[in-house]
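Read through the structure below, which is laid out as structure tokens, and then see the notes.
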Amino acid sequence: MEKVAVVTGTSSGIGFETSLALAREGYFTYATMRDTTKSNKIKEITQKENLKISILELDVDDEKSVKSAIVQILDQKQRIDVLVNNAGWGLWGCVEDVSVDEFKEQFETNFFSIIRLIQEVAPTMRKQSSGTIVNVSSVVGRIGFPASPAYISSKFALEGLSESMRFEFAPFGVDVIIIEPGVIKTNFMKNMKMAKKSELDTVYKDITTKVVSGVKMMAEMGTPPKEVANTIVKAIKDKKPLPRYIVGNDASMFLEAKKSKTDIEFENYLKKELYGE
Ligand SMILES: NC(=O)c1ccc[n+]([C@@H]2O[C@H](COP(=O)([O-])OP(=O)(O)OC[C@H]3O[C@@H](n4cnc5c(N)ncnc54)[C@H](OP(=O)(O)O)[C@@H]3O)[C@@H](O)[C@H]2O)c1
């Protein structure tokens, strides 16, 4: 039986590579993106390698778009075996500089959209008694630091959601996997937005500037997105998928340090690593 995968946010980076990796594994893959004019490169590779990839418009922030895409997929294939919730973006700015509306906008894409997709897809997976939901979180889904609380808390929320869902879906044969990449070399840093107030000369200007430049420096040595894609494929193929898969030496290093240090020791370690204090 042909297995079907759906990936969100495939115009670039991790989503792009994951769609290709899944198709190369034999999945009929729906590479979804909100702007399908960005699909030229994936179409070119699809043709060259004779892969089974279908490009579909899907804006994860838009309920109608999500429903319409999933209905089309189910009309065509009657099943969904893998859902990769990958679409996401990041917002810079310390908590006092980020409006509640800006927090909501960040959560809309990185958190609420995932609930939206899961609610559309899970009934089919339950009926099949099989399926895998992959949520692309981040190392910052378990580590907080300054200047990006909206992004970081959206990923913490995703981790909590994913942990809960593992229990709920397990009796129906549906696995839930969290992927925790460190810094990955994609368009992500370039696409990060700055909260409006953070552009001004606020009391948080200094710390925001320090963290942004520290993270940007780390990004230059980032892990290639193919490694995340390969980890996702491996995780899906595992007989008993683990709750979490970490990608990148930086992510492993930070998470190991968090495990081995007290909270206060870890805060001091992070300050040094991120902005040399
Ligand atoms: N790069 C990193 O260092 C890193 C580390 C840890 C976790 N992650 C996570 O990995 C995921 C993918 O990021 P990436 O690194 O591959 O960055 P990227 O190259 O910027 O890709 C992000 C993708 O998400 C899409 N997207 C954003 N908002 C969307 C919406 N409303 N509907 C549909 N698609 C939307 C973008 O589409 P457009 O082209 O239309 O904007 C793009 O395809 C994100 O969830 C991110 O939080 C990244």
Side-chain angles (χ1 to χ4, degrees), residues 6-21 30-42 55-70 83-92 104-117 134-143 145 148 150-159 161-162 177-193 212 214-229 231-232 244-252 254-255:
V6 181
V7 186
T8 65
T10 65
S11 68
S12 65
I14 295 169
F16 174 88
E17 292 295 347
T18 301
S19 299
L20 291 172
Y30 286 92
T32 74
M33 56 188 83
R34 60 180 164 180
D35 177 1
T36 53
T37 63
K38 293 185 178 176
S39 61
N40 287 347
K41 197 168 161 206
I42 201 164
I55 310 295
L56 196 60
E57 189 178 314
L58 195 165
D59 179 342
V60 299
D61 291 350
D62 178 346
E63 197 173 324
K64 271 197 194 145
S65 169
V66 171
K67 274 192 197 292
S68 147
I70 301 301
L83 167 66
V84 182
N85 288 308
N86 164 76
W89 58 279
L91 182 69
W92 292 119
K104 284 182 177 170
E105 203 189 326
Q106 176 75 103
F107 267 69
E108 189 60 50
T109 312
N110 292 9
F111 181 68
F112 292 115
S113 80
I114 294 177
I115 300 173
R116 196 170 282 137
L117 270 137
V134 179
N135 291 334
V136 180
S137 174
S138 164
V139 62
V140 307
R142 284 199 281 156
I143 290 174
F145 53 79
S148 193
Y151 179 66
I152 291 171
S153 53
S154 73
K155 294 296 188 184
F156 264 70
L158 178 58
E159 298 256 343
L161 174 78
S162 308
I177 297 169
I178 304 169
I179 304 292
E180 295 180 328
V183 180
I184 308 299
K185 256 196 166 157
T186 65
N187 293 338
F188 185 80
M189 284 297 160
K190 199 182 75 195
N191 290 339
M192 275 193 84
K193 294 180 193 167
V212 171
V215 174
K216 280 192 174 159
M217 253 159 63
M218 286 171 70
E220 278 162 34
M221 296 175 297
T223 304
K226 265 190 187 152
E227 279 191 35
V228 185
T231 302
I232 291 175
R244 294 186 161 81
Y245 292 80
I246 298 165
V247 191
N249 292 337
D250 53 344
S252 306
F254 282 123
L255 290 167

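Reckoned from all heavy atoms, side chains included, excluding hydrogens, waters and symmetry mates. One-based numbering along the sequence shown. Read the numbers this way: they start at 1 and go in the same order the structure lists the ligands and their atoms.
- Between Ile42 and Leu20, some side-chain heavy-atom pair lies under the 4.5 Å cut-off.
- Two residues are said to be in side-chain contact when any heavy atoms from C-beta on lie closer than 4.5 Å; Leu58 and Leu117 meet this criterion.
- The side chain to side chain contact (heavy atoms under 4.5 Å, CB included) check on Ser162 picks up Asn135, Leu158, Val176, Ile178, with sequence neighbours excluded.
- Partners of Asn191 according to the side chain to side chain contact (heavy atoms under 4.5 Å, CB included) rule, which considers only residues two or more places apart in sequence or in another chain, are Asn187.
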Please evaluate residues Lys155 and Glu180 with respect to the criterion salt bridge (charged side-chain N to carboxylate O under 4.0 Å, His left out), reporting the C-alpha separation (whole Å), side-chain torsions for both, the decisive distance (0.1 Å), and the verdict. CA-CA 10 Å; Lys155 294 296 188 184; Glu180 295 180 328; over 6 Å; no
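- For a heavy-atom separation below 4.0 Å, the residues in contact with ligand 1 are Gly9, Thr10, Ser11, Ser12, Gly13, Ile14, Arg34, Lys38, Leu58, Asp59, Val60, Asp61, Asn86, Ala87, Gly88, Thr109, Val136, Ser137, Ser138, Tyr151, Lys155, Pro181, Gly182, Val183, Ile184, Thr186, Asn187, Phe188, Asn191.
- For the ring-ring contact (aromatic ring centres under 6.0 Å, His included) test, no residue two or more places apart in sequence or in another chain qualifies with Phe156.
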